[in-house]
Number of protein chains: 2
Amino acid sequence: MSSLLELRHLRTLTALRDAGNLSRAAELLNLTQSALSHQIKLLESVYGGALYERKSAPPRFTAIGARLLELSDRLLPHVDAAELDLARLAAGTAGQLRIAVECHTCFDWLMPAMDAFRARWPEVEMDIVSGFNPEPAALIPQDKADFAVVSTWENGLTGVDFHPLFRFEIVAILSRSHALVEKPWLEAADFAGETLITYPVPDEMLDVVRQLLSPSGITVQRRSTELTAALLQLVASGRGISALPLWAVKSYLDRGYVKHCTIGRDGLYGSLYGACASRLSGAPYMLDFVRLVRESCFLTLPGITLL
Amino acid sequence: MSSLLELRHLRTLTALRDAGNLSRAAELLNLTQSALSHQIKLLESVYGGALYERKSAPPRFTAIGARLLELSDRLLPHVDAAELDLARLAAGTAGQLRIAVECHTCFDWLMPAMDAFRARWPEVEMDIVSGFNPEPAALIPQDKADFAVVSTWENGLTGVDFHPLFRFEIVAILSRSHALVEKPWLEAADFAGETLITYPVPDEMLDVVRQLLSPSGITVQRRSTELTAALLQLVASGRGISALPLWAVKSYLDRGYVKHCTIGRDGLYGSLYGACASRLSGAPYMLDFVRLVRESCFLTLPGITLL
DNA sequence: GATAACAATGAACTTTATTCATACTGCCCC
DNA sequence: GGGGCAGTATGAATAAAGTTCATTGTTATC
């Protein structure tokens, strides 16, 4: 009888468009694919027609779906703005956000989220904690940082809360002519005798060392450089192999500049978490920041999974 | 965690503002007062503060409530427009709407709804069935009307569906100096010997006759006139008494031009229904018309209750 | 201080949304 | 051309609401 259209449905539609398919949209919304499928089925029964063509990627919307999307685009920004205002009403607008990172590549994807955040919370003082921080989470209890990107969820730390960010695959990077390229996947032994080219971080922070090499008792030569491009240049020219997040090297792989190889039979995966001071863990601006990071990463980084 | 604000909540807030209090808002939304109270309580717990001051009528909104209302005002018109578009997509935009009324006063409140309807469904041919129609519902099977305002729900008619509209009190109208004014309420016997001043409709269509006088076997003199103003002028000058919907005479009563009196111990009530051809009963434009009528009446006519 | 109107509340209930488990579909690829 | 694979659909089970019911609390009014 009366209208059953809710914001939920509009959010689903835009997520579908943004994410490219139902399953990814579900991930973005923290729901299951099934839930969204049911939602859309309901809408279709109400409006008497399909909302989009299922077999096309990206989804192609019908007139009905397009009209609903048009509505979403008009509505959701206002909803977002209103909720932002309300969050600010609830807990002042001021605050600090000193960000520390463990790995340099993080800035690649942190930047868009930081830009969005700055626009949304102009009164929050945002800073990057400079210098080399092997254990950025430790800076939080010392009150030298408010937020840190870390790869391990340390339950021990008091006064520090963790927010899951995402999970990604780490692949071995090899020159196009490397012998190992032929293998379906690499085992620890394959690294013996190779030079491992990495970012300049301590051994125990490299997932490939921590999860694969150390447990197998294999040690390798290391060589490091700051920039991803330089690193790949070294690999391409045969100075060694590397192990990097897939999202960091996807574009090089697509261009055929280097080759890659799964590490371990089931692949090697790293995770990232956002650590923050417990006292700020529930602050609207902190929650908003985490959300922005997750969202922008999911839409930007290829092949990642939200945690 | 993620936003739980839904259109439902925004609809509640605007209904609250439009209707003036929770109970009336509930009526407008076809929900109970309790449901709305729970909704608002939830919102308040989420946003950390009251949405409005309960004890003031009309409701006075807090900053939070006002921000949400602002959002509603920006959103709901778009939602409405979109749903209208979608309804038109589903079932063409053309159609006929020939309206017949049983009682002349109906046009008072039918007009605003008709104006709104014309704007929303420009391609639907709207007409008023002219002439005197003692039984307008009968015109529907004859295909001389598509919609009729009637005061009885006749289950017998085939091919005709009824939509409940509203219920209203019918009061006796007396000159300021009339003796009966002193009575707490009038019974059938009080009408004996009086002249009943009415619109020019047959006896059996007057609720006061049908529900009170006929059952008691009391007959009265009748005198009729078309216009409400003329009718009241006759009453005021002592030519007789009348029985009219409260909403039709409220403004005269407020000005003290005439007096009124409850009819029967529990009051006399009339109801109105919208009759329409079954074949059109589910048509989007017909449902929309009924909705517009109910809504505009509820917001406009004092003292009515939606059915 | 009774009455009436409105709002709040907790529990029962109903409805709806979501998940789970599984089956279906189109597509790519040896 | 028969796996695998990624995406989608579906029915039943479950979880999570939203809503009502019955009642109480509150405030204003006469």
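Values reported hereafter were calculated over all heavy atoms of this structure, with side chains retained and with hydrogens, waters and symmetry mates removed. A note on names: the letters A, B, ... follow the listed sequences, proteins ahead of strands, and every chain is numbered from 1.
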Do B/V79 and B/R11 touch side chain to side chain, with heavy atoms closer than 4.5 Å?
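With C-beta onward as the side chain, the pair touches.
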
Kindly confirm or rule out a cation-pi arrangement of A/R291 over A/F289, judged by NZ or CZ under 6.0 Å from the six-membered ring centre and within 45° of its axis?
no

Quick check with a 6.0 Å cut-off and a 45 degree axis cone: is A/R17 positioned over the face of A/F61's six-membered ring?
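Relative to the ring axis of A/F61, which defines the angle, A/R17 lies outside at least one limit.
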
What residues, two or more places apart in sequence or in another chain, satisfy ring pair (Phe, Tyr, Trp, His ring centres under 6.0 Å) together with B/Y273?
B/W153

Which residues satisfy the ring pair (Phe, Tyr, Trp, His ring centres under 6.0 Å) test with A/W185, sequence neighbours excluded?
none

Is there any protein nitrogen or oxygen under 3.5 Å from a nitrogen or oxygen in nucleotides 28-30 of chain C, and what are the pairs?
none

Along nucleotides 23-30 of chain D, 5' to 3', which nucleotides get a B, which get an S, and which get a -, given that the test is a protein heavy-atom distance under 4.0 Å?
--------

What are the atom names and distances for every N/O pair under 3.5 Å that joins the protein to nucleotides 14-18 of chain C?
unit_1, atom_1, unit_2, atom_2, d
C/dA17, OP1, A/R8, NH1, 3.3
C/dT18, OP2, A/Q39, NE2, 2.9

Just how far, in rounded Å, is P of D/dT20 from CD of B/E27?
13 Å

To the nearest angstrom, how far is A/R24 atom CZ from D/dG7 atom P?
9 Å

Using distance only, find each side-chain donor-acceptor pair of residues 241-270 of chain A under 3.5 Å and give its atom names and separation, not counting sequence neighbours.
unit_1, atom_1, unit_2, atom_2, d
A/S242, OG, A/I197, O, 2.6
A/K250, NZ, A/D254, OD2, 3.2

Distance below 4.0 Å between B/N21 side-chain N/O and C/dA5 OP1 or OP2
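Result: no.
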
Would you say B/R54 places a side-chain N or O within less than 4.0 Å of OP1 or OP2 belonging to C/dA8?
yes

Any donor-acceptor pair under 3.5 Å between the side chain of A/S34 and the base of C/dC20?
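Under the 3.5 Å cut-off, the side chain and the base do form a donor-acceptor pair.
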
